[in-house]
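Protein chains get the first letters and strands the later ones, always in sequence-line order, with residue 1 at the start of each. The structure presented is a predicted model; accordingly, all values stated were derived computationally and were not measured.
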Number of protein chains: 2
Amino acid sequence: MAPKIKDVAKIAGVSVTTVSRVLNGEKYVKDDLKARVKQAIAELGYTPSHIARSLVRKKTNLIGVIVPDLTSSFYSTILSSIEETASLSGYNLLVCNIIEDIEKEYKYLNVFNEMRVDGIIIMHEKLNEEIRDFLNKLDIPIIFSSVKPRDQKFVSVIIDDYAAAYDATTYLIQLGHTRIGFIGGDMRDVTSGQNRYIGYRDALTQANINIVEAYIKFGDYKIQSGYQLAKELLASEPCPTAIFAVSDDMAVGAMNGIHDLGFNVPDDISVIGFDGSQLTELVRPQLSSMEQPIQDMGKVTVESLLDMIAGDAQAAAGDLILKHKLVERKSCKTYGAKEE
Amino acid sequence: MAPKIKDVAKIAGVSVTTVSRVLNGEKYVKDDLKARVKQAIAELGYTPSHIARSLVRKKTNLIGVIVPDLTSSFYSTILSSIEETASLSGYNLLVCNIIEDIEKEYKYLNVFNEMRVDGIIIMHEKLNEEIRDFLNKLDIPIIFSSVKPRDQKFVSVIIDDYAAAYDATTYLIQLGHTRIGFIGGDMRDVTSGQNRYIGYRDALTQANINIVEAYIKFGDYKIQSGYQLAKELLASEPCPTAIFAVSDDMAVGAMNGIHDLGFNVPDDISVIGFDGSQLTELVRPQLSSMEQPIQDMGKVTVESLLDMIAGDAQAAAGDLILKHKLVERKSCKTYGAKEE
DNA sequence: CTGAAAGCGCTAACAA
DNA sequence: TTGTTAGCGCTTTCAG
């Protein structure tokens with residue numbers, strides 16, 4: 001059995017209180033005692049039990065994180081940033097991967113609660129009633145990252161999705177495109193579904209371009225759906241000369257679909273993605289994308305959550321809107337420009 | 001403050017023991033008491049404290065996982081599988097992302113120890129002396145996934161890297177290639193560095209093909225190094241007609257390097273990767289790869305670890321070698337075959 | 001400065 | 001079947 005604080009105390013010839021004091025770096029311990037304690041700790045290879053500490057301190061230094069899909073480039077990058085930031089402040093991550101599995105999420109949320117995590121980060125917005133209620137009852141600070149659930153009570157770290165989609169579409173329009181296909185997300189999502197969709201429509205309307213329903217498709221943010229939907233888009237007559245997909249994954253899928261159909265990106269069709277994931281630089285041609293500040297998003301999420309944990313009312317006051325940014329790479333081209 | 005077991009007991013008019021019993025599903029509780037307790041629990045919205053339980057049960061149901069890079073397609077897929085399997089058995093994951101940061105790893109290992117996690121999964125093999133010592137002293141079950149550290153004491157879930165590399169190289173040879181470039185890993189790694197390298201060499205030797213040092217480069221498994229190294233390989237005269245990279249990431253980097261230099265895969269140069277990550281299907285042309293059973297690997301890792309946790313001596317007996325598999329896609333072509 | 005003792009919230013003998 | 005009681009390993013008053 002691992003040594004306990006009592007064993008250290010015995011060996012050092014002091015009380016457990018004193019050992020506890022040196023463990024916690026308190027100053028009111030005479031140097032010689034402190035030395036003896038340290039010596040005893042080393043001798044025994046003693047490490048304090050985080051469990052026992054948590055029990056009395058009522059603080060676990062644990063943050064529960066719910067990720068929709070660990071294997072997604074976007075989420076794994078945010079998670080990586082979250083992990084790094086949390087780690088810097090001495091917090092550890094309990095991660096739950098829920099692949100469309102709401103039951104699992106509910107179960108995990110319960111586990112987070114039982115574990116008495118200090119805070120919770122959620123990265124998706126499809127809350128059902130049960131979960132929403134549960135979350136509302138929970139008195140653990142909760143923050144949403146990269147998404148915003150309907151319920152206004154929770155704070156979110158997001159970009160202005162409407163403006164970002166508007167800007168992305170406008171970019172295509174400025175390149176001379178008028179037949180612009182749209183591969184959207186889930187319309188039940190307000191941030192990544194509705195807002196981006198409305199941004200797209202408004203940009204077209206603003207430019208006096210008719211909205212063609214055949215140019216509008218909705219996917220599930222994943223590669224495969226982008227692939228499929230791009231093929232459908234290309235079946236329209238006349239077909240779009242540019243496609244805006246609301247995730248890089250779908251944009252890459254679209255590029256592949258276009259490629260497999262024998263067309264060329266960007267010569268025949270321009271494609272712009274959304275997110276700024278690692279995929280953008282990895283595919284050929286490199287994908288232009290309306291980027292979210294992914295690293296920052298993770299960092300800001302954790303920092304705000306830690307503020308909330310610390311009881312900073314300010315932190316829980318409202319959403320944090322970060323800046324989006326268009327990054328041009330090789331997948332978009334002026335309409336009608338002659339081929340190289 | 002959250003309600004405690006005592007509060008439930010009071011409301012239900014029973015002892016805490018009884019409450020504890022119904023909480024743990026024991027049978028020796030009369031139905032009416034059980035009902036009253038459940039009623040009280042619901043009324044209070046009581047949830048048992050995992051912390052307190054862990055303290056007395058000396059079991060946390062936590063597994064610490066050390067991942068080299070969360071954003072890598074390969075690791076995130078294993079992690080996802082690990083998470084899924086662990087979750088099914090009621091275990092939760094504490095994840096640590098160490099990006100080349102040995103200090104951080106050491107720190108985390110300490111945290112895992114203080115947290116009294118029930119088991120530890122490590123997915124990289126670059127252990128320094130300090131960590132090796134620490135691991136040896138620790139009496140928490142440890143398992144390595146996808147890698148095998150020098151130290152024979154630890155059990156690993158791996159494939160036969162030597163054979164896999166041998167087979168991949170032989171595949172290229174059978175396609176008629178003789179000038180086969182190699183983009184290896186870190187030679188300090190035995191599994192993914194040395195073994196794959198030796199497999200490559202032996203396959204060539206076996207086929208009576210001279211080993212050309214200029215065709216051999218070593219990277220860090222990441223896209224960028226594959227990109228750079230492929231360019232270097234293409235600078236040789238005559239240059240290789242095929243390249244075997246020991247990670248899909250490097251293979252994709254190589255494909256991009258080849259592409260950016262104006263050559264075509266597979267018409268000019270064939271490329272084969274290693275791992276079987278999601279990237280293989282996402283790039284164009286789709287990447288042929290010597291695949292590891294990634295999903296399985298995560299699953300087997302957790303299952304073995306749980307066996308070890310359960311005290312199954314058998315489980316700690318030796319490495320688990322899973323089967324590799326060559327998956328042909330579009331990135332390799334018979335040497336000299338006429339272009340389409 | 002140092003120590004005795006009272007919990008943190010729960011489980012597990014041991015009795016009844 | 002049910003309850004009493006003694007901890008799990010640590011921190012934290014409160015005295016000294």
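Relative orientation of the Phe144(B) and Phe154(B) rings is tilted, given thresholds of 30° and 60° on the angle between their planes.
Between Asp7(B) atom CG and dC8(C) atom C1' there is a gap of 13 Å when expressed in whole angstrom units. Rounded to whole Å, the distance from CG on Asp31(A) to C1' on dT2(C) is 15 Å. Atom P of nucleotide dG9(C) and atom NZ of Lys10(B) are separated by 13 Å, given to the nearest angstrom.
The CD atom of Glu303(A) sits 4.5 Å away from atom NZ of Lys299(A), with the distance rounded to the nearest 0.5 Å.
Using modelled atom types and a 3.5 Å distance limit, the side chains of Ser20(A) and Thr17(A) yield no donor-acceptor pair.
The backbone N or O of Ile63(B) lies less than 3.5 Å from no partner atom in the side chain of Asp118(B), so there is not a single donor-acceptor pair.
By the neighbour-count criterion of 12 heavy atoms within 6.0 Å, atom CG of Asp32(A) is densely surrounded, having more than that number from other residues, nucleotides or ligands.
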Under-3.5 Å N/O pairs linking protein and nucleotides 9-13 of chain D:
| unit_1 | atom_1 | unit_2 | atom_2 | d |
| --- | --- | --- | --- | --- |
| dG9(D) | OP1 | Lys58(B) | NZ | 2.6 |
| dG9(D) | OP2 | Lys4(A) | NZ | 2.3 |
| dC10(D) | OP1 | Tyr46(A) | OH | 2.5 |
| dC10(D) | OP1 | Ser49(A) | N | 3.0 |
| dC10(D) | OP2 | Ile5(A) | N | 2.3 |
| dT11(D) | OP1 | Asn24(A) | ND2 | 3.3 |
| dT11(D) | OP1 | Arg53(A) | NE | 2.6 |
| dT11(D) | OP1 | Arg53(A) | NH2 | 3.3 |
| dT11(D) | OP2 | Ser20(A) | OG | 2.8 |
| dT12(D) | O4 | Thr17(A) | OG1 | 3.3 |

